[in-house]
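Structure first, then comments.
Atoms considered below: every heavy atom in the structure, side chains included; atoms not considered: hydrogens, waters and symmetry mates.
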Amino acid sequence: MDERPAVTPAGVLLKRVAFLFAVSMSLYHMYVAAFGPPEALIFRATHLLFTLTLVYLLFPIRSRAPGAWRLIDTLLLAGSWGLVLHLFINYEYMTNRIIYIDDLTPLDKFYAVLSIVIVLDATRRVIGWALPLTAISFLVYAAFFTQVAPQVLLEQIYLSTEGIFGSTLGVSASYVMLFVLFGAFMEKSGTGQLFMDFSLSLTGHSAGGPGKVAVISSSLFGTVSGSAVANVMVDGPITIPLMKRTGFGPPFAAAVESVASTGGQIMPPIMGAAAFVMAEFLAVSYLQVTVWAAIPALLYYVSVFFAVHFEAKRHGLAGVPKAELPRFVRVMAERGHLFAPILVILAGLLMGYSAPLCALVGTITCLPVALLRATTRAGIGWLSLVDALEEGARNTLAVAMACACAGIVIGCVSITGLGIVFTQFVIALSQDSLILALILTAMAGIVLGMGMPTTPAYIVMVALLVPALIKLGVVVPAAHMFAFYFAILSAITPPVALAVLAAAGLAKANIWDSGFAAMRVAAPAYIVPFMFVYEPALLMEGEWSVIVPSVGSAIVGVILLAGGFFGYLFGPARMWQRVLLVGAALMLIKPGAYTDLVGAGIFATVFAAQWLARRREAEAG
């Protein structure tokens, strides 16, 4: 018996209303990107109004809700409109009152409390309980364990731009919405197939080719999606079966796909949403953030690529026969023009245009570029345009609610001075030792990232832990990038490891085996952040005479680290050689002439041993 709920006229109407609001939300943000936003509070409140409306239309409190539950959804939706319209109607009063001095009206207090309840509830519906519970704990601390008056707390969270309507929600409205929309348009234009064919034509035939295809295609798609799990679900159904077919074990196949997909959030030119938040916090251009991320991202993907290569060579795994692969020249001739929107964004950023405007222009070019050739024109029409507008708005909901809820945390931290207290606590706990403070921060980033998306995890770390690192002497960009990286790495770190969970499901692999394999594949990613804290040259900070040798030695270092972990370099590596390779890698990754010399010496020892072994084998043969 089919137990699915019957489609009712009311349900059809709700879907149509949600569709119209989603399309309207995308069009509004495109208009703002083109002609400039209104005043900050108005713009952020409008963004939140669109988001809350879609959340309550698309995420009902119960899927088979009887009348009473539907009434609750309706009341919460009405409350969402009320709390935003209250700001709009009384905007002049809001801007002229003296903050923290003038008393709140009863209506102000009502809507302030209601805004907290609605934001917490809507966030729970979209991304689960972890972030709302975190925000509740900060609210409890501010309300009952500090001297902050309730009125001041409510004012901070609702009536200022330091709470719900703070800079984090502003980032979602200004940046994230446009880049998520760009990703939706790229998907509709068929760029995902281009990424896959491009990767297959380059590396599909080599040893472990399907694994290398996963690395390249996931890095390309990740720059567009900005979501590790979404990347896995798009690339994984193609790359994981290919990897298993050519001999990779299911856990390793899941590990490679999850690690490659996670790296998309740190891959310029288009990174995860937290990168835009970082640019806002540091008051720098988004292009500057991509410059800082470029070398660590390169090291990340070089290490993953060679991990796949060494694993394949150790087990004698071949690639896909060339006859079954697309040809590079043909791929570029038929679909290469679909790279144009990404190049448009990159060129705009380099020319100094704002990131939202670059994203808008890139978005507008996606479908016309696809229509240029008959090979990419099929299936693209007005419906594709409308579907992309709707999908872009839907895909923004999780980030927008996370940013609004994180605003509650930031508001509580700033009004109570908790950030200063926590900084002092971390410094005292680490006993003024930078390495201990870094380890504490790394552990906190992984734990926070297990229960919430990268963006709010990074925001909480900035509020509580990054100031301690800066006080201990870490340069500001390195402190923020350190927090950013470990918030991302939670996606591949057991026990939660959401990207691994998704990939293991596709590979039909054991979750724990896949998780530990992912940590082995991504080993350099856990080490590189410590290195750029001690030597900012890896963030391209400083003189080129320092940057170039530091980057060169770090690249060799991550390759040797992969060789040590996977037991292969120029040939199979014995255990003592693997230990020496890991030691040489750590010496080379750490910038500095002395450590580079030591690392080079250890590497030379292993190289000589493997060369002699291969020579003896050749003579015996």
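Using cut-offs of 30° and 60° for the angle between ring planes, the Tyr458 and Phe484 rings count as perpendicular. Aromatic ring pairs are classed by plane angle as parallel below 30°, tilted from 30° to 60° and perpendicular above 60°; the pair Tyr158 and Phe165 is tilted.
Taken from CG in Leu52 to CG in Asp121, the straight-line distance is 9.5 Å, to the nearest 0.5 Å.
Side-chain N or O atoms of Ser414 include one that pairs as donor or acceptor with a backbone N or O of Gly411 at under 3.5 Å.
Between Leu154 and Ile116 the shortest side-chain heavy-atom distance falls below 4.5 Å. Side-chain contact between Pro296 and Leu539 is present, with heavy atoms from C-beta onward closer than 4.5 Å. Using a 4.5 Å heavy-atom cutoff, the side chains of Val140 and Phe145 are in contact. Counting only heavy atoms from C-beta outward, the side chains of Met177 and Met25 approach each other to under 4.5 Å.
For Phe276 and Tyr286, the ring centers are positioned less than 6.0 Å apart. For an aromatic pair to be called close, the ring centres must be under 6.0 Å apart, and Phe482 with Phe530 satisfies this.
Residue Phe50 is tested with Tyr28, Tyr56, Trp81 for a ring-ring contact (aromatic ring centres under 6.0 Å, His included); the sole match is Tyr28. None of Ile408, Leu169, Leu114, Ile157 except one satisfies the side chain to side chain contact (heavy atoms under 4.5 Å, CB included) rule with Val119; the exception is Ile408.
A salt bridge does not link Asp387 to Arg394: none of the charged side-chain nitrogens sits closer than 4.0 Å to a carboxylate oxygen.
Under 3.5 Å, the side chains of Tyr175 and Glu280 contain no donor-acceptor pair of N or O atoms.
Not counting sequence neighbours, the partners of Glu155 by the side-chain hydrogen bond (donor to acceptor under 3.5 Å, both in side chains) test are Arg97.
Within a 6.0 Å sphere centred on OH of Tyr93, other residues, nucleotides and ligands contribute more than 12 heavy atoms.
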